[in-house]
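Naming convention: chains lettered A, B, ... in sequence-line order (proteins, then strands); numbering from 1 in each chain. As the structure is a computational prediction, the values presented were derived from the model and not from experiment.
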Amino acid sequence: MKEEGGDLRAIRLEKRRRLEALGINPHPYAFARSACAALLEARFKDLPAGAATEEEAALAGRIRAMRNSSLFLDLHDASGKIQIFCHKDHLSEEHLGLLRLLDIGDIIGVKGRIRRTPRGELTVDASELTLLAKALRPLPEKFHGLTDIELRHRERHLDLIINKASRETFLCRSRVVAAMRAHLAAKGYLEVETPMLHTIPGGASAKPFITHHNALDIDLYLRIAPELHLKRLLVGGLSDRLFEINRCFRNEGLSPRHNPEFTSLELYESYVDYEAMMGLVETLIAEAARAAVGGTSLSYGGVSIELEPPWPRRSMAELVAKETGVDFLALEGGESARSAAEELGARIEGRESWGEALEAVFAARVEDRLLAPVHVTGFPRDISPLAKADRKDPRLAERFETFIYGWEIANAFSELTDPLDQRERFEEQMRARALGDEEAQLLDEDYVRALEYGLPPCGGLGIGIDRLVMLLTDSPSIRDVILFPTLRPR
RNA sequence: GAGCCCGUAGCUCAGCCGGUAGAGCAACUGACUUUUAAUCAGUAGGUCUCGGGUUCGAAUCCCGACGGGCUCACCA
């Protein structure tokens, strides 16, 4: 039976054997570097073509191209690319022996003087070569690279070696998260970590993953949101302002905008209401954009989006009325709301409450038109079981979602702090669940108990990091911004 | 979960009105030695995703499975 990789791998295995026969360890322990490609490029940017220096550098990286029978190598390190010149006259017989057994894809260390070739390429004149890792498998082709989407996701290491754009996307993601953390730290928000394993999945309406703890012999759920634990921390007074940037898990369908595990920022602040969260969303996302693209103007899928605050605020009912001519605030009860929603083309099953019907119309008719950033306020109370009622209209909650490019990017409320009200809301949810709503929330007695010790008035906010990074990196799929997206095993 | 599309060499792709598999890059041998997707000559490389079926004959047509992409539904 022929192994995958076939001859190409066998040839490289043979080269490895020959290297070992020469006393060369194909996987040594360390290599002392004095520079990286970008550093040298910056340092010698004014070195004219044809000029040589006396300066020696030692650098390490992966061979990505070999030209003129290995006379020229392209060496890529994490910072960039530099050319290596391997002339027989400058290398010992041992180094030439190594050179003959090198392949594209091998990781090597190089020592030599810096010069710029007459053609203008910054180059290390190699006087020493060190094998740092022998590659047994060939890299994808240099010109077309690795384009197969499945392979790029399954073998992210290859994608990162080959596709510069992919590398930049993930570097950008890292900058975005770092910028948000830095901004929050500077404003005095405390970063915390709360459990991934929940005994009752709460804080959102979603289907959880179930797992089992053997020693305790109990089922546990991968968290669908950190919300209830974070608010417990406000009860405890650990800080008046805290946040968590971490993974959530939802056992739902996959799509270009849904991965079973995704990253959210959740933030809670005592003594403020949801108004404060609007400003914070704008600041955080503008900061993220500056970190990602250097400004607040961006283009996603050819659509220009301006993120410079402030962003408009519109109520859900107002947007629906403007789009459809139907004012849901003038409708009484679920029945009339459902029939109106159905007439407007929303998907209605027949059990929907007034709020659910309004939201269904909003989702069907309005959502995907909200390209420019907008805070949508006036969310129905009955789809917001963790939010305080609107102080002016009891049918509504003090909740908004921020939409950009038609996507929900942020979700925030004046958090429900009254334990008696919270219990009633949970009980409403349990009734909906009994009637077949699988995603209705579960009554969390421990959480209600915590509220009974007194949760200060507070605002809470969640931002979907993956979708934000998609926008900021112009990535068409969530899998392009998650290093190892969920795939069926092959 | 439903619909549409895709799966050929390590990679990127041709071939798909059925006649038994091709190119470029990568690899190997050699030439060349200041190249930039280096060039030139030659060589080797395939259970055409898998399993059935139709046929004298299947990469090609049909059915099924597996994997992927997109759309819809659910959702962030």
Side-chain angles (χ1 to χ4, degrees), chain A residues 1-12 14-15 49-50 63-74 81-89 103-105 115-123 125 135-155 158-159 161-163 203-207 224-225 247-266 347 349 359-360 363-364 367 401-404 406-411 437-439 462-468 470 476-479 485 487-490:
Chain A
M1 181 157 75
K2 187 181 272 185
E3 197 173 336
E4 187 216 345
D7 294 346
L8 297 175
R9 185 164 178 276
I11 288 164
R12 286 172 175 233
E14 174 56 24
K15 286 182 181 173
I63 301 173
R64 289 292 311 284
M66 305 174 88
R67 292 183 290 278
N68 281 42
S69 312
S70 305
L71 184 62
F72 292 96
L73 312 181
D74 281 347
K81 170 193 129 174
I82 192 158
Q83 179 167 267
I84 310 299
F85 182 68
C86 298
H87 201 280
K88 340 176 213 250
D89 297 351
D103 285 299
I104 291 173
R115 69 183 173 94
R116 197 175 285 284
T117 63
R119 307 232 178 169
E121 191 78 13
L122 194 67
T123 299
D125 256 323
L136 296 181
R137 294 179 185 273
L139 291 181
E141 180 223 321
K142 60 187 166 187
F143 191 55
H144 299 92
L146 187 69
T147 61
D148 184 281
I149 291 173
E150 182 179 353
L151 273 182
R152 290 184 50 206
H153 295 152
R154 273 192 206 286
E155 306 217 34
L158 282 181
D159 180 41
I161 290 169
I162 299 296
N163 295 313
S205 303
K207 292 191 200 107
I224 55 176
R247 219 65 61 78
C248 294
F249 307 86
R250 298 192 184 171
N251 203 343
E252 292 161 354
L254 288 79
S255 88
R257 272 167 295 288
H258 300 83
N259 195 65
E261 50 180 310
F262 63 98
T263 300
S264 72
L265 160 67
E266 280 211 13
R347 243 182 129 78
E349 284 175 3
E359 193 206 24
E367 222 172 75
E401 289 189 353
T402 304
F403 284 80
I404 304 176
W407 300 346
E408 180 197 333
I409 292 293
N411 180 17
D437 182 352
E438 282 181 56
E439 296 191 350
I463 294 179
I465 299 295
D466 309 275
R467 287 186 181 175
L468 178 60
M470 284 173 71
S477 168
I478 197 166
R479 294 185 181 140
L487 293 173
R488 271 203 170 81
R490 66 178 164 192

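- For A/Gln83 and A/Arg67, the side-chain atoms include at least one donor-acceptor pair closer than 3.5 Å.
- The 5' end of RNA chain B is approached more closely, in terms of each residue's nearest nucleotide, by A/Leu151 than by the other of A/Leu151 and A/Arg347.
- Counting any heavy atom pair closer than 4.0 Å across all strands shown, A/Asp466 reaches no nucleic acid atom.
- Nearer the 5' end of RNA chain B, as judged by each residue's closest nucleotide, is the contact made by A/Phe143, out of A/Leu487 and A/Phe143.
- Spacing between B/A9 and B/U49 at atom C1', rounded to whole Å, works out to 14 Å.
- Atom C1' of B/G10 sits at a distance of 16 Å from the matching atom of B/C48, rounded to the whole Å.
- In a base pair of the Watson-Crick type (N1 to N3 plus N6-O4 or O6-N4) or a G-U wobble (N1-O2 and O6-N3), with each distance short of 3.5 Å, B/U54 is matched with no nucleotide.
- Of the possible polar contacts, one joining the A/Arg12 side chain to the A/Ala135 backbone as a donor-acceptor pair under 3.5 Å is found.
- Across all strands shown, B/G42 forms a Watson-Crick or G-U wobble pair, both distances under 3.5 Å, with B/C28.
- The same atom, C1', is picked in B/C62 and in B/C74; the two are 35 Å apart, to the nearest Å.
- The distance from atom CD1 of A/Ile63 to atom CG of A/Asp74, rounded to the nearest 0.5 Å, is 10.0 Å.
- B/G42 and B/U60: their C1' atoms are spaced 32 Å apart (whole Å).
- In this structure, A/Glu439 reaches the sugar-phosphate backbone alone: every heavy-atom distance under 4.0 Å involves primed, P, OP1 or OP2 atoms, never a base.
- Heavy atoms of A/Leu71 sit under 4.0 angstrom from at least one base atom.
- When both distances must be under 3.5 Å, the Watson-Crick or G-U wobble mate of B/U36 does not exist.
- No donor-acceptor pair closer than 3.5 Å links the side chain of A/Ser264 to the backbone N or O of A/Glu266.
- Within the cation-pi definition used here (under 6.0 Å to the ring centroid, within 45° of the axis), A/Arg115 qualifies as a partner of A/Phe85.
- A/Asn68 places no side-chain N or O within donor-acceptor distance of the main-chain N or O of A/Leu71, the cut-off being under 3.5 Å.
- A distance of about 22 Å separates the P atoms of B/C63 and B/G68, rounded to the whole Å.
- You'll find that the side chain of A/Ser69 is closest to B/A31, out of B/G69, B/C25, B/A31.
- Contact annotation: A/Lys142 reaches the phosphate of B/A26 (side-chain N/O to OP1 or OP2, under 4.0 Å).
- Base-pair partner of B/U12: B/A23 (Watson-Crick or G-U wobble, both distances under 3.5 Å).
- For the C1' atoms, the distance from B/C11 to B/C16 is 22 Å, rounded to whole Å.
- A sub-4.0 Å separation between OP1 or OP2 of B/G68 and a side-chain N or O of A/Arg488 is present.
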Would A/Glu439 and A/Ser205 satisfy side chain to side chain donor-acceptor pair (under 3.5 Å), going step by step from the backbone distance to the final call?
CA-CA 5 Å; A/Glu439 296 191 350; A/Ser205 303; over 6 Å; no

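- Taking the side chain of A/Ser255 as heavy atoms from C-beta on, and the options B/G69, B/A73, B/G10, the nearest nucleotide is B/A73.
- Comparing atom distances between the A/Asp7 side chain and each of B/G68, B/C11, B/G45 picks out B/G45 as nearest.
- Rounded to a whole Å, the CG atom of A/Asp437 is 12 Å from the P atom of B/C74.
- Checked against B/U33, B/G69, B/C11, the side chain of A/Arg479 finds its nearest nucleotide in B/G69.
- Which of B/G10, B/U71, B/C13 sits closest to the side chain of A/Thr147 comes down to B/C13.
- In this structure, A/Lys15 reaches the B/C28 phosphate: one of its side-chain N or O atoms is under 4.0 Å from OP1 or OP2.
- Across all strands shown, B/A65 pairs with B/U49; the Watson-Crick or G-U wobble distances both stay below 3.5 Å.
- Side-chain to base pairing of A/Glu150 with B/G69: no donor and acceptor N or O lie closer than 3.5 Å to each other.
- Set against B/G69, B/G10, B/A38, the side chain of A/Asn68 has B/A38 as its closest nucleotide.
- Straight-line distance between the P atoms of B/A2 and B/A26: roughly 45 Å, to the nearest whole Å.
- No engagement by A/Arg64 is indicated, since no non-hydrogen atom pair under 4.0 Å with the nucleic acid exists.
- Comparing B/U71, B/G69, B/U12 against the side chain of A/Pro256 picks out B/U71 as the nearest.
- Of the candidates B/G10, B/C11, B/U36, the closest approach to any side-chain atom of A/Arg67 belongs to B/U36.
- Here B/A23 presents its P atom at 15 Å from CD of A/Glu141, a figure rounded to the nearest Å.
- Closest to the side chain of A/Ile104, out of B/C70, B/A27, B/G69, is B/A27.
- Here the closest non-hydrogen pair linking A/Met470 and A/Pro476 is CE-O, 3.7 Å.
- A/Gly145 comes within 4.0 angstrom of sugar-phosphate atoms only, judged by non-hydrogen atoms across all strands, and of no base.
- Nucleic acid contact class of A/Glu408 (heavy atoms, under 4.0 Å, all strands): sugar-phosphate only.
- Comparing the C1' positions of B/U8 and B/G24 gives an interatomic distance of 15 Å, to the nearest angstrom.
- Base contact: A/Thr117 has a heavy atom under 4.0 Å from a base atom.
- Residue contacts for A/Arg250: at a heavy-atom cut-off of 4.0 Å it reaches a base atom on one of the strands shown.
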